[in-house]
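First the proteins, then the strands, lettered A, B, ... as listed; each starts at 1.
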Protein chains: 2
Amino acid sequence: MDRIAGKAHTNHYQKGEFLFRSQEKDDALYIVNRGKVRIYRLSDSGKEQLVRILNPGDFTGEWTLFNPDAVHEEYAEATRDTSVCMIQQHDVQEFLKEYPAISLKLLGEMSQRLESSERQTAQVAVESVITRLVLFLAENVEPEMGNSPTITLPMAKKDIASYLGTTPETISRKFGELEDEGLIQQLSGKRIKIQDLDDLLLYSE
Amino acid sequence: MDRIAGKAHTNHYQKGEFLFRSQEKDDALYIVNRGKVRIYRLSDSGKEQLVRILNPGDFTGEWTLFNPDAVHEEYAEATRDTSVCMIQQHDVQEFLKEYPAISLKLLGEMSQRLESSERQTAQVAVESVITRLVLFLAENVEPEMGNSPTITLPMAKKDIASYLGTTPETISRKFGELEDEGLIQQLSGKRIKIQDLDDLLLYSE
DNA sequence: CAAAAAAATTGACGCTCATCAAGAAAAGTC
DNA sequence: GACTTTTCTTGATGAGCGTCAATTTTTTTG
């Protein structure tokens with residue numbers, strides 16, 4: 001750990017600054033220390049799709065890290081003041097060769113991300129917006145909260161829209177629909193009261 | 001290599017047999033030797049989404065392999081007579097600890113798959129069907145074929161539909177549209193003649 | 001090669017959801 | 001607390017695409 005820390009740089013980013021942009025080339029591993037980072041893609045037509053949000057402890061950069069000639073395909077933007085630990089490819093490879101257990105950990109993390117991404121693809125491909133929204137809410141319920149939990153949305157509704165592959169207008173309407181059905185209540189400050197989680201999950205017609 | 005081969009089993013599957021099904025639990029790594037395997041997901045409502053096709057040399061099983069308590073979320077079905085090399089988790093971990101270079105190779109492969117999956121999510125989320133189809137065709141052009149290539153579709157059109165998150169009917173119509181525009185010609189036996197690759201890519205209104 | 005099964009095509013119809021516009025609410029800033 | 005900016009909401013409209021149904025074409029099988 002000490003040896004790793006010795007090789008790592010810590011970088012600070014202000015809200016709105018980018019760790020990297022699409023098409024840029026580098027080969028560092030980025031580990032978020034403090035703050036929040038939005039990872040998103042832009043289509044040719046300029047529409048953005050939110051890929052994921054990095055919180056402290058999360059990392060990114062694996063694409064260019066493990067594929068020497070690759071360039072970034074995503075944008076990584078700090079959405080608040082953020083500090084990030086950077087390790088260069090060369091050093092990462094050293095550590096992985098020296099401590100194979102770290103590779104196993106990394107492989108576990110990567111396979112989780114892959115699973116989650118493939119699930120996301122399948123959902124966007126075949127489920128309706130209301131179903132995707134319900135599943136999104138269910139995924140964001142803290143496990144130990146029982147069947148009638150209150151959750152805090154982990155991102156702005158416009159970001160939920162982007163993440164779910166739809167528009168803010170539609171998300172707004174679908175939240176309204178769920179509220180009209182008595183399945184949720186929208187409280188202040190991104191908080192949502194779920195009346196009955198099972199009922200909510202059943203609603204995905 | 002010899003040592004790995006010693007621990008590996010080779011299994012044979014007939015067309016239509018499953019290497020594994022969703023919700024099943026196991027912890028093997030599957031490497032395709034010969035044949036072809038369809039990996040797909042089923043939604044609650046029974047719609048299928050094709051995740052990818054495994055050809056000789058490709059592997060799967062990483063999700064349950066690196067996440068001890070996980071169950072499969074996908075179906076792996078042989079679409080022709082197929083032989084598969086299986087290695088148990090325990091043995092995989094041994095090898096990875098002993099030969100760290102293999103881990104790096106695996107991490108490279110996994111990050112490619114992750115990149116590809118995230119690209120796929122973004123496309124399904126924000127692009128129209130015709131755009132997705134055009135991008136799919138472009139991805140399947142052999143690089144060294146110049147600007148007016150003939151390609152062979154790597155799967156049935158119904159599978160393309162499932163992969164792109166749409167229906168066979170719509171795919172059929174979109175192929176027709178591209179043909180009416182003079183951008184492609186549909187030849188016999190899954191072969192497609194592309195008139196001009198650049199024009200085709202520009203068509204994605 | 002004929003019969004059966006699977007895949008692909010075509011048409012008609014309607015629903016979900018994107019788009020554009022405009023106003024309200026919330027959050028960030030001095 | 002007033003001002004600005006961003007986010008959210010609500011309405012009207014229509015395009016894109018899914019669904020259902022029927023036929024044709026291709027592939028598979030004995």
In whole angstroms, how far is the [atom2] atom of [N] from the [atom1] atom of [X]?
{"X": "E169(B)", "N": "dA7(C)", "atom1": "CD", "atom2": "C1'", "value": "11 Å"}
{"X": "Q186(B)", "N": "dT10(C)", "atom1": "CD", "atom2": "P", "value": "9 Å"}
{"X": "L153(A)", "N": "dA26(C)", "atom1": "CG", "atom2": "P", "value": "14 Å"}
{"X": "K157(A)", "N": "dA24(C)", "atom1": "NZ", "atom2": "C1'", "value": "13 Å"}
{"X": "K47(A)", "N": "dG16(D)", "atom1": "NZ", "atom2": "C1'", "value": "11 Å"}
{"X": "L133(B)", "N": "dC17(D)", "atom1": "CG", "atom2": "C1'", "value": "14 Å"}
{"X": "E127(B)", "N": "dC17(D)", "atom1": "CD", "atom2": "C1'", "value": "16 Å"}
{"X": "I171(B)", "N": "dT19(D)", "atom1": "CD1", "atom2": "C1'", "value": "16 Å"}

Side chains of [X] and [Y]: donor-acceptor distance under 3.5 Å anywhere?
{"X": "Q185(A)", "Y": "Q195(A)", "answer": "yes"}
{"X": "Y203(B)", "Y": "E177(B)", "answer": "yes"}
{"X": "D26(B)", "Y": "H72(B)", "answer": "yes"}

Between [options], spot the one nearest the side chain of [X], thanks.
{"X": "S172(A)", "options": "dG18(D), dT19(C), dT9(D)", "answer": "dT9(D)"}
{"X": "S128(A)", "options": "dC17(C), dA8(C), dG18(D)", "answer": "dC17(C)"}
{"X": "K174(B)", "options": "dT9(C), dC17(C), dC17(D)", "answer": "dC17(D)"}

S162(A) versus L50(A), closest heavy-atom pair with distance: OG-N, 2.8 Å

By the definition side-chain hydrogen bond (donor to acceptor under 3.5 Å, both in side chains), identify the one residue from Q120(A), R113(A), R52(A), Q49(A) that meets it with E118(B). R52(A)

Return the 5'-most residue of the pair K158(B), T170(A) with respect to DNA chain C, ranking by each residue's nearest nucleotide. K158(B)

What N/O pairs connect the protein and nucleotides 22-30 of chain D at under 3.5 Å? Give each pair on its own line.
none

Where the side chain of E17(B) meets the backbone of Q14(B), is there a donor-acceptor pair that is under 3.5 Å apart? yes

Using only heavy-atom distances, decide whether a donor-acceptor pair under 3.5 angstrom links the side-chain of R173(A) to the base of dG11(D). yes

Do F20(B) and Y30(B) have ring centres separated by under 6.0 Å? yes

Give T166(A) one of three labels, base, sugar-phosphate or nothing, depending on what nucleic acid heavy atoms sit under 4.0 Å from its own. sugar-phosphate

